[in-house]
There are 2 protein chains.
Amino acid sequence: MSAEVPPGYDPYAFEPFAVTVDLAVFTVREHVLQALLIERGEEPYAGRWALPGGFVRREESAEEAARRELAEETGLSGPNAARLHLEQLRTYSDPGRDPRMRVVSVAFAALVPDLPEPRGGGDATGACWRPVADCTGLAFDHDRILADAHERVRAKLEYTCLGTAFCPAAFTLGELQQVYETVWGVALDRPNFRRKVLASPGFVERMPNAPRRTGGRGAPAALYRAGSAATLQPPLMRPEGRTP
Amino acid sequence: MSAEVPPGYDPYAFEPFAVTVDLAVFTVREHVLQALLIERGEEPYAGRWALPGGFVRREESAEEAARRELAEETGLSGPNAARLHLEQLRTYSDPGRDPRMRVVSVAFAALVPDLPEPRGGGDATGACWRPVADCTGLAFDHDRILADAHERVRAKLEYTCLGTAFCPAAFTLGELQQVYETVWGVALDRPNFRRKVLASPGFVERMPNAPRRTGGRGAPAALYRAGSAATLQPPLMRPEGRTP
DNA sequence: TCCTTTATAGTCAATTCGACTATAAAGGAG
DNA sequence: CTCCTTTATAGTCGAATTGACTATAAAGGA
């Protein structure tokens, strides 16, 4: 490898890499933020938990690979696939992050509503939801990826309308507030929360139907669906203004 | 290149890619936001302008490659290299983004103060600063990368202390305000701007020295340096709350 | 029939923000 | 030297937002 290599496509400068995608898939189940994990069936890290993912194929982009892997892992398809937020997180490229060869991984964060069942499909031994607080000791650098994705989601709830991605197609403001409280780990004042949400144009819109009761007890709540806005102005900040 | 497929990897799934970094380097010069471009000397796109960048080498991460390329292209080294903000933007992986082979590019955004001179150093035919508004018709998908980076910088000025990355080690509040006005393309009220900045803990801190006059005319201004905070709470929002 | 839980409507004071006014300290033009 | 323009910096004031509460109604369960 000469030091005076022109930019371009000098054969000595070109190094072959494998490119993979890794997915940090989040959902809110039973008042807890959970992540989707798979149990590795092969070396290295056989038997360890890891984020779902796989190789990017020759004819697809990283986004397409991520969507394909997500469908394989969760059984997400058709109408469900539409109610899914998938965004690129960042790329992890440390030499040595895979013990055998040079692998660059494009990480994605995905937010899905509470799905019926995870499907341990395809190549993974098993797949399951696990509270993010318990997701430690993952394979490769997946602890780090998951932590980065977790903080990204926490931060994006502040200034985007992403919270609705955790909710089903129709939801109550109480359910939306639960999402915020679960992801941020704080309690929010109910009247103030609904005042903020309803004052944010395009965040939620009322469904032209009848209300229903959700958890059984309590007064029936109005149903809302996600609005057309993508960002929140002004933002809905978490208390204690922490961004650790 | 070792065609040997490591054990445990599906040989049909593994596809070799080239991995590059592309840099969107921004500075504020003469009240205009400018980006660093190089003129390509080789096919494809010979003679066209492009973002600086290059291949990731076998023993380095994408971050290290980006820092290396930036040093080669701008002559940034030693003390200057410290006053530099470099952050990963996202990865571009469309098949066909390079006409000849499968290239995945990890894009970075860099913010530097007004440097003495760009250096068309090393491998590039020529390098120059160009107002971002005039940066069109770039090679590959670099128009898109630059646009994404531009919007990222605009957005991050709102909720981080990044604005100081465009300023020299010591700066006046007027200079910092110029950065915001230039990047956002709006005029800000001077008293209100300084009130917000000074009320944000850790954004700037006064230098324990004497004031000076900057542009020649006008009263002398106090000098500040970047504080220790990374994020702004509450954010400093651009007027008209636009996030196109 | 209570009692607990949840939804929803208000109130009120403190804080913040946007739009201004005012004053001082340069440098340049004449 | 004397305006005049430009910039820095200190305030003011009313409107809007926010955080902390109170109040009331409508469930379901014991």
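Values below: all heavy atoms of this structure, side chains included; hydrogens, waters and symmetry mates excluded. Everything quoted here is computed from the prediction, not taken from an experiment. Per chain, numbering begins at 1; letters A, B, ... match sequence-line order.
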Check: Given D:dA26, D:dA10, C:dT5, which nucleotide is nearest the side-chain atoms of A:Arg217?
Finding: C:dT5
Next item on the list: Only counting residues at least two apart or in another chain, list the ones meeting salt bridge (charged side-chain N to carboxylate O under 4.0 Å, His left out) with A:Lys196.
Entry: none
Check: Is the closest side-chain donor-acceptor distance between B:Asp148 and B:Tyr92 under 3.5 Å?
Finding: yes
Next item on the list: Run the salt-bridge test on A:Glu151 and A:Arg238 with the 4.0 Å N-O cut-off and return the result as yes or no.
Entry: yes
Margin query: Pairs counted only when both distances fall under 3.5 Å, Watson-Crick or G-U: show me the 5' to 3' dot-bracket for DNA chain D, [ ] for pseudoknotted crossings and | for other-strand partners.
Written below: ||||||||||||||||||||||||||||||
Notebook entry, point to check: Reckon A:Arg190 has a side-chain N or O less than 4.0 Å from the OP1 or OP2 of C:dA7?
Noted result: yes
Margin query: For B:Asn192 and B:Gly174, find the nucleotide of DNA chain D closest to each by heavy atoms; which residue's nucleotide sits nearer the 5' end?
Written below: B:Gly174
Notebook entry, point to check: A:Pro235 or A:Gly218: which one's nearest nucleotide on DNA chain D is closer to the 5' end?
Noted result: A:Pro235
Check: With respect to the phosphate group of D:dT18, does any side-chain polar atom (N or O) of A:Lys196 fall under 4.0 Å of OP1 or OP2?
Finding: yes
Checklist line | Nearest-angstrom distance from the residue atom CG of B:Leu223 to P of D:dT9 | finding: 9 Å
Check: Is A:Arg67 salt-bridged to A:Glu64, cutoff N-O under 4.0 Å?
Finding: no
Check: Less than 4.0 Å between a side-chain N and a carboxylate O, is that true for B:Glu63 and A:Arg90?
Finding: yes
Next item on the list: Could you work out which one of C:dC17, D:dC21, D:dG11 sits closest to the side chain of A:Pro191?
Entry: D:dC21
Check: When the ring planes of A:Tyr180 and A:Phe203 are compared, do they come out parallel, tilted or perpendicular, using 30° and 60° as the limits?
Finding: perpendicular
Check: How close or far is atom P of C:dC17 from atom CE of B:Met237, stated in whole angstroms?
Finding: 10 Å
Next item on the list: Check if the side chain of A:Arg195 and the base of C:dG10 share a donor-acceptor pair of N or O atoms closer than 3.5 Å.
Entry: no
Note to self: Side chain of A:Arg194 only, heavy atoms from C-beta on: which candidate in C:dT8, D:dT9, C:dA7 is closest?
What the structure shows: C:dT8
Next item on the list: Using a heavy-atom cut-off of under 4.0 Å over every strand shown, decide if B:Ala222 touches base, sugar-phosphate, or nothing.
Entry: sugar-phosphate
Checklist line | Proximal nucleotide (of D:dA20, C:dC20, C:dA7) relative to the B:Asp189 side chain | finding: C:dC20
Item checked: Residue B:Pro234, side-chain heavy atoms: nucleotide from C:dC17, D:dT7, C:dT6 that is nearest -> C:dC17
